[in-house]
Amino acid sequence: MEEYNPIKIEKKWRKKWEKEKLWNIDVENAKNPYYNLMMFPYPSAEGLHIGNVYAFTGADIHGRYMRMRGYDVFEPLGFDAFGIHSENFAIKKGTHPKEETEKNVSHFREQLKRMGALFDWDREVDTSKPEYYKWTQWLFLQLYKHGLAYRAKAPVDWCPSCKTVLADEQVIGGKCERCGTEVIQKELLQWFFKITDYAERLLDNLDEIDWPEAIKTAQRNWIGKSEGALIKFKISNFKSQISVFTTRPDTLFGATYIVLAPEHHLVAKLKGNIENRGEVEKYIEGSKKKNELERTDLAKEKTGVELKGIKAINPANNEEIPVWIADYVSASYGTGAIMAVPAHDDRDFEFANKFGLVIRNVIKPQMIAGDKGIKQGNLTDEEFADYGERQLANKYDDILEGRRVYTGEGKLRNSGDWDGMHSLEVKGKIIESVGGEKKINYHLRDWLISRQRYWGPPIPIIYCEKCGIVAVLEKDLPVELPQVEDFRPTGTDKSPLATVKEFVKTKCPECGAEAKRETDVSDNFLDSSWYFLRYPSTDFKDKPFDEKITKKWLPVQMYIGGKEHAVLHLMYARFVTMALRDFGFIDFEEPFTKFRAHGLLIKDGAKMSKSKGNVVNPDEYFDSYGADIVRMYLMFLGPYEQGGDWRDEGISGIARFLKRVHTLLFQVKSDNDKNRNESLSENDLERATHKAVKKVTGDLENLQYNTAISSLMEFANKIQQSKEGAFYRLEAVKSLVKLMVPFCPHLSEELWHEALGYKTSVHGEKWPEYDESKVAENTVKLAVEINGKVRSQIQVDVGMSEDAVKEMALNDEKIKKMLNGNEPQKIIVVQNRVVNIVI
RNA sequence: GCCCGGGUGGUGGAAUGGUAUACACGGCAGACUUAAAAUCUGCUGCCGAAAGGAUUGAGAGUUCGAGUCUCUCCCCGGGCACCA
């Protein structure tokens, strides 16, 4: 027996597998298709990140498990190679994105091949290749033809560093998702996708897909459905009305003033009647200068100006109320105007207090003891109870008298005929009584897909003086991205492509006259919104995806990726899939039936980052330990869906374990060959085998890889220590090797051939089955408790009668002593678990 | 502020309401070795000499029994946010 040399054996087997194309799938004829997808990486110049390896290993283990369960597992991988991330890197390095990307992709591919995954490299996808982005452009045209793509002038977010506009989803806390620069607002003519048309379906379908609750919640919050009403307020001595959106029509009687956003269109209309015109204009100018971040900073004190001479009329009680403008009201949400109810809204309350406006309580709060607002601090329990009650009483009075805000529900007061009714039951009726209408608002905005950048698919649109906006004909696709020397973003609201005369100049597909091309490229997230449809159909050059193949393989049965895409890629892909279904190209509307998010890998308790210098380079570890050990360690260091902490010391545990298994296998085989079958004592090992199969199988089903590995260790230790005959030990190690296949595919293959002597691949083996009846033990140790505290242990036969167990427990020496003659009040027996004697 | 995670030994982490600390790292002791590495064996959460006792962020509750369920609160990580 040679010593375990992972580097050597991994090289040997990978070569063989590659030669035999063991992982390639016959997409047309596969009988039992299973589409196992993982989020494809973008090929950064730094090379493969250990975080990629972590994500892909977990996904690959799932694929390998399903493969042994008899599925034809399709596990493709490709590269999200177009986009700002790749381009920014090229800019930094002073290379061209095309060369840079090609170099990085081949580097990535070589690194990925060392992982020992099931990747089907015959079906690789590269989003920056014309044969791919031709169909990304085709997708744009389909959306355009069906009225879901439109061009509009709108205030949009602009990243001054990336020199391009961004979609709403790509602005994180007022900053660019890619580079962290604060975005500014610009008014530009841009292309949008009408994702808002799908808001309701995006929301509804969430109930039917098997995704983590956290991701679903994130999408629900992002879509931000809010049900309320539009209510019109008349303006005294004026024809126009102010329409406001509110989710609390029940508080209408408490609306003591109106606030308009500074950009509200009525402000200009009312100008003639505003007495303090100068002050108002100055305020509007001031708020224009602030960026979104300054305006939405919650810590900031609220500002505003009253429109003197303008009064609105509250339709509920015909009271004249003042009208203000303030930048805490956003023009882009609802109607850009609100009815302020300071007694029942935190923001209005703060504003009213600052400017001395009327605060009128109209909802009687339901107060309960232990209310959140009272803190115990360093009071004793008694002091706190007393203080709490007084606090509560004070708080209640404060609310009724408008000294404190209350945003909850309750019974109405100060509301005319509605007094005494509950806020939840009057909402609809109050809307009706003032002639308002029910209205649903969404936070979700249309997807802005124009980018003033170079490294992306040109938007396939032509502008003709006569015919206007004309789509590029499908037969003329792709609109190839020209090779450009200076590809850097211009910062002029135009893409670098605008400077390429021979690209811009074209003929109108309708009238043949000279025309100009659109020079922006599309958002990188459009590339990745449909890539899963391409993988199974890469053979087809004349269509994005084949109908028959798509029917066979999609929707994706398992998708694994990071949670950072919760409201980005994962939502865009759902939208695109729904649209393609509506256009009749596919017959399902959710792309990923099941999605699981892996956790984040950290190093020594801290996030990995280049600046901290704590980035783990997978190559180093592949070189010194081999892929099997790295794979298994990654999966062992924590629960896959929660992430974990990489510590260099930890990897030795796995290295030792695999080495031990290697030795064990050859030992057991040689014992068996020498026919050392003398002791055929118990069926201990058989039970251990069934137990291990059960546990590992269950854990794999739930992606609980860390506990699966610890069971494998226990099982291996058990075999090692077993005194049973070699025949039984041999049977046990055969199961062990099979159970290890998903985690360490190379070593398993090596042992299957070299130690166990098989001529066929272990990867063709069936996943071992277990027999529930063989898992059970014959005897079991019971804990004997007195009043819930463990006092002794007894050994009983499984299934022993309750009375027998009781008797045995009471006769236990230790228990007898502890009871000291006391008569037990009650004895609780939980079968095979515990006896609790209550005295 | 709201919505998700999470808080268990020196460390990473296990525990269908039923013997908390599985599995591993690290540590200690021993064997082998001229020596070291590797390997193997044993011990190893805390206080205590022991008997025993306390213990899963804090406090209360439900229960024969709570890391697990309920309530209140604290802390850490992430997401959303003047969205009316």
B:C28 pairs with, by Watson-Crick or G-U criteria that keep both distances under 3.5 Å: B:G42
Between A:Ala337 and A:Trp222, name the one whose nearest nucleotide on RNA chain B is closer to the 5' end. A:Trp222
Could you state the CG-C1' distance from A:Asp699 to B:A15, rounded to the nearest angstrom? 12 Å
Can you tell me how far C1' in B:G17 sits from the matching atom in B:U56, rounded to whole Å? 15 Å
For A:Glu564 and B:G77, what is the distance between atoms CD and P respectively, to the nearest whole Å? 19 Å
Annotated protein contacts, base or backbone, on nucleotides 17-27 of chain B with a non-hydrogen cut-off under 4.0 Å, one of B, S, - each: -BB--BBSSS-
Using purine N1 to pyrimidine N3 plus N6-O4 or O6-N4 for Watson-Crick, or N1-O2 and O6-N3 for G-U wobble, both under 3.5 Å, which nucleotide pairs with B:A51? none
Which residue lies toward the 5' end of RNA chain B, A:Asp345 or A:Lys814, if each is placed at its nearest nucleotide? A:Lys814
Would you measure the distance from the P atom in B:G12 across to the matching atom in B:G26 and give it in whole Å? 15 Å
Regarding A:Pro639, tell me which of base, sugar-phosphate or nothing describes its non-hydrogen contacts under 4.0 Å with the strands shown. sugar-phosphate
Is there a Watson-Crick or G-U wobble partner for B:C71 with both distances under 3.5 Å, and if so, which one is it? B:G59
In whole Å, what separates the C1' atom of B:G7 from that of B:U21? 15 Å
Are OP1 or OP2 of B:A84 and a side-chain N or O of A:Tyr328 less than 4.0 angstrom apart? no
Are A:Tyr621 and A:Asp648 close enough that a side-chain donor and a side-chain acceptor fall under 3.5 Å? yes
Applying the Watson-Crick and G-U wobble criteria at under 3.5 Å, what pairs with B:U19? Answer none if nothing qualifies. none
Could you point out which residue of A:Tyr640, A:Tyr633, A:Phe636 forms a ring-ring contact (aromatic ring centres under 6.0 Å, His included) with A:Tyr705? A:Tyr640
Using whole Å, report how far CZ of A:Arg220 lies from C1' of B:A81. 19 Å
d(NZ, A:Lys659; P, B:A37) in whole Å: 14 Å
Given the C1' atoms of B:A20 and B:G67, what is the spacing between them in whole Å? 7 Å
When the P atoms of B:C4 and B:C71 are considered, how many whole Å apart are they? 12 Å
What I want to check is whether the side chains of A:Thr663 and A:Tyr4 have a donor and an acceptor closer together than 3.5 Å. no
Write down the distance separating the P atoms in B:G52 and B:A58, rounded off to the nearest Å. 26 Å
Whole-Å gap separating P (B:C83) and CZ (A:Phe245): 12 Å
Mark yes or no for whether A:Asn836, through its side chain, and A:Val829, through its backbone, hold a donor-acceptor pair below 3.5 Å. no
Determine whether the side chains of A:Asn441 and A:Ser226 contain a donor N or O and an acceptor N or O closer than 3.5 Å. no
Answer syn or anti for B:G9, where the cut-off is 90° from 0 on the glycosidic torsion. syn
Please determine if A:Arg248 and A:Glu409 form a salt bridge, counting it only when a charged side-chain N lies under 4.0 Å from a carboxylate O. yes
Please report, rounded to the nearest Å, how far the P atom of B:C76 is from the NZ atom of A:Lys607. 17 Å
Could you verify whether a donor N or O on one side chain and an acceptor N or O on the other, from A:Tyr328 and A:Asp348, lie under 3.5 Å apart? yes
Euclidean distance for P, B:C43 against B:A24 (whole angstrom): 14 Å
Say we look at B:A31 and B:C47: how far apart would their C1' atoms be, to the nearest angstrom? 34 Å
A:His443 side chain near B:C80 phosphate (N/O to OP1/OP2, under 4.0 Å): no
Distance check needed: B:C82 P versus A:Asn441 CG, whole Å only. 15 Å
Mind checking who B:G77 pairs with, Watson-Crick or G-U wobble, both distances under 3.5 Å? B:C4
Would you classify A:Leu637 as touching base, sugar-phosphate or nothing, given that sugar-phosphate means primed atoms plus P, OP1 and OP2, and contacts are heavy atoms under 4.0 Å? sugar-phosphate
For a quick test of reading the model: is some side-chain N or O of A:Thr217 closer than 4.0 Å to OP1 or OP2 of B:G79? no
Between A:Asp210 and A:Lys216, is there a side-chain N and carboxylate O pair less than 4.0 Å apart? no
Donor-acceptor pair between A:Asp797 and A:Thr779 side chains, under 3.5 angstrom: no
Give the rounded distance in Å between these two atoms: CZ of A:Arg596 and C1' of B:C4. 16 Å
Please state whether the phosphate of B:C64, meaning OP1 or OP2, lies under 4.0 angstrom from any side-chain nitrogen or oxygen of A:Lys789. no
